Novice: 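Sharing a structure here in structure tokens format.
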Amino acid sequence: GGNRGAGGGANTRRVGVFELLTEPWVQLRDCFEAGGPVLYAVLFVAVLMWTLILGRFWYLRRVHPGHMRDAVARWQARTDIDSWFARRIREAMISRVSLQLKASLGLIRTLIALCPLLGLLGTVTGMIAVFDVMAVAGTGSARGMAEGIYRATIPTMSGLVIALSGLFFSARLDQRAREESEKLTDLLRHY
């Protein structure tokens, strides 16, 4: 009889684990339903922004070191590194690598700025829902008004959180691009 009781406890525990795994997804779905269609736009912008941010970090980690080695090797293979022409070649090499380092950073900054604006759009649509409730039911429907206000705050909060997190990583990417560009400038010395 003891094994049977333990088996029943295991089944109960499995249901608990299943619920633990599915509960966040259910809450996320409920959040999207409450936040309205603007929240889907915020999600799209967030996915695009983070794809670009992760792509930039991947570039800095995996691709850029090869570009840097190639530029240094081409510069060191030159016999003329002091003439006016050589200086222009050096500037062009530094500029090319710098442009590659800064690729997509402008778009990332634009997406970061777009997130709070989309959140504000969610606030406006939520408040319109509040005014609709007030127009139909009067000011006596506190539940309807609270639902509209709740609906207004979700996209606003989501847009701000995404923008803040993106802002931190965007600043880090910008700093790394500057550092790597300065490093290349030092490596491509002219006398």
Side-chain angles (χ1 to χ4, degrees), residues 17 19-75 90-129 148-189:
V17 169
E19 288 174 359
L20 284 174
L21 293 175
T22 58
E23 184 64 27
W25 296 108
V26 170
Q27 289 177 355
L28 187 62
R29 184 198 66 212
D30 293 344
C31 182
F32 272 94
E33 287 176 4
V38 173
L39 205 53
Y40 289 102
V42 172
L43 175 66
F44 174 75
V45 169
V47 168
L48 181 59
M49 180 188 74
W50 279 105
T51 301
L52 291 171
I53 287 173
L54 293 174
R56 287 285 79 203
F57 276 113
W58 179 82
Y59 174 83
L60 283 168
R61 186 112 172 133
R62 300 289 181 186
V63 179
H64 174 67
H67 288 172
M68 194 89 127
R69 281 190 300 273
D70 291 345
V72 170
R74 281 183 303 184
W75 180 252
R90 176 180 176 267
E91 289 172 6
M93 292 169 80
I94 292 168
S95 179
R96 184 178 308 123
V97 171
S98 181
L99 284 173
Q100 290 170 340
L101 284 167
K102 294 178 181 177
S104 301
L105 288 182
L107 181 57
I108 290 169
R109 282 189 216 103
T110 301
L111 294 173
I112 289 169
L114 188 59
C115 285
L117 295 175
L118 286 172
L120 184 59
L121 179 63
T123 300
V124 171
T125 57
M127 293 313 292
I128 288 172
I149 293 169
Y150 174 69
R151 185 177 193 153
T153 58
I154 290 175
T156 305
M157 179 191 66
S158 301
L160 289 173
V161 167
I162 291 165
L164 286 173
S165 62
L167 193 59
F168 172 77
F169 288 100
S170 171
R172 180 68 183 125
L173 284 170
D174 199 33
Q175 177 187 4
R176 282 284 310 273
R178 272 187 274 120
E179 288 171 356
E180 292 296 318
S181 185
E182 290 170 5
K183 184 176 171 185
L184 181 63
T185 301
D186 290 342
L187 289 171
L188 301 185
R189 293 189 182 100

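Values reported hereafter were calculated over all heavy atoms of this structure, with side chains retained and with hydrogens, waters and symmetry mates removed. Not measured: the values here are computed from a predicted model.
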Novice: For the CZ atom on F57, are there more than 12 heavy atoms of other groups (residues, nucleotides or ligands in this structure) within a distance under 6.0 Å?
Specialist: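 Count over threshold, so yes.
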Novice: When the ring planes of Y59 and H64 are compared, do they come out parallel, tilted or perpendicular, using 30° and 60° as the limits?
Specialist: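 Rings of Y59 and H64: tilted, as their planes differ by 30° to 60°.
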Novice: Evaluate V72 against L184 for side chain to side chain contact (heavy atoms under 4.5 Å, CB included), listing each step before the verdict.
Specialist: CA-CA 8 Å; V72 170; L184 181 63; 4.1 Å; yes
Novice: Sort out for me which residue in V42, L121, L160 forms a side chain to side chain contact (heavy atoms under 4.5 Å, CB included) with P116.
Specialist: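 By the side chain to side chain contact (heavy atoms under 4.5 Å, CB included) criterion, P116 pairs with just one of V42, L121, L160: L160.
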Novice: Assess the residue pair I108 and L111 against the criterion (side chain to side chain contact (heavy atoms under 4.5 Å, CB included)); give the C-alpha distance rounded to whole Å, side-chain angles, the decisive distance to 0.1 Å, and a yes or no.
Specialist: CA-CA 5 Å; I108 290 169; L111 294 173; 5.6 Å; no
Novice: Kindly give the heavy-atom pair with the smallest separation between S170 and I112, and that separation in Å.
Specialist: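 Shortest heavy-atom contact: CB-CD1, 3.5 Å.
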Novice: Side chain of W58, backbone of V63: donor and acceptor closer than 3.5 Å?
Specialist: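 Between the backbone of V63 and the side chain of W58 there is no qualifying donor-acceptor contact (under 3.5 Å).
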Novice: Can you find a heavy atom in the side chain of T156 that is under 4.5 Å from one in the side chain of L120?
Specialist: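 No; the side chains remain at least 4.5 Å from each other.
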Novice: Residues two or more places apart in sequence or in another chain: which of them pass side-chain contact (heavy atoms from CB on, under 4.5 Å) with L117?
Specialist: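 None.
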Novice: Any sub-3.5 Å donor-acceptor pair from T51's side-chain atoms to V47's backbone N or O?
Specialist: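 Yes, T51 side chain to V47 backbone: donor-acceptor pair under 3.5 Å.
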Novice: Which salt bridge (Lys or Arg N to Asp or Glu O under 4.0 Å) pairs, counting each pair once, include a residue from residues 33-51, with sequence neighbours left out?
Specialist: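 Applying salt bridge (Lys or Arg N to Asp or Glu O under 4.0 Å) to every pair that reaches into residues 33-51, excluding sequence neighbours, yields R29-E33.
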Novice: Look up atom CD1 in I154 and atom OG1 in T123, then write down how far apart they are to the nearest 0.5 Å.
Specialist: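 I154 CD1 to T123 OG1: 11.0 Å, rounded to 0.5 Å.
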Novice: For residues L105 and A177, report the shortest heavy-atom separation together with the two atoms involved.
Specialist: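 Nearest pair, atom of L105 first, then A177: CD1-CB, 4.4 Å.
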Novice: Hey, are the side chains of L101 and L173 touching, using non-hydrogen atoms and a 4.5 Å cut-off?
Specialist: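 When only atoms from C-beta onward are counted, L173 and L101 do not touch, as no gap falls below 4.5 Å.
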Novice: Considering non-hydrogen atoms only, spot the tightest contact between C115 and I162 and give its length.
Specialist: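 C115 and I162 have their closest heavy atoms at SG-CG2, 3.5 Å.
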Novice: Is any side-chain heavy atom of R176 closer than 4.5 Å to one of R56?
Specialist: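 Answer no - side chains too far apart.
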Novice: Looking at every heavy atom in both V38 and P155, which two are closest together, and how far apart are they?
Specialist: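 Nearest heavy atoms, V38 then P155: CG1-CB, 4.2 Å.
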Novice: At their closest point, which heavy atom of V97 faces which heavy atom of A71, and how far apart are they?
Specialist: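 Looks like CG2-CB, 4.5 Å.
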Novice: Working to the nearest 0.5 Å, report the span between CD1 of I94 and CD of E182.
Specialist: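 Answer rounded to 0.5 Å: 11.0 Å.
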Novice: Mind listing the closest non-hydrogen atom pair of W75 and M93 along with its distance?
Specialist: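 Closest approach of W75 to M93: N-CE, 4.0 Å.
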Novice: Please list all pairs passing the salt bridge (Lys or Arg N to Asp or Glu O under 4.0 Å) test where one or both residues lie in residues 97-112, with sequence neighbours left out.
Specialist: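 Every salt bridge (Lys or Arg N to Asp or Glu O under 4.0 Å) pair that includes a residue of residues 97-112, provided the two are not neighbours, is R109-D174.
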Novice: State the CE-CG distance between M49 and L167, to the nearest 0.5 angstrom.
Specialist: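 Reported value, rounded in 0.5 Å steps: 9.5 Å.
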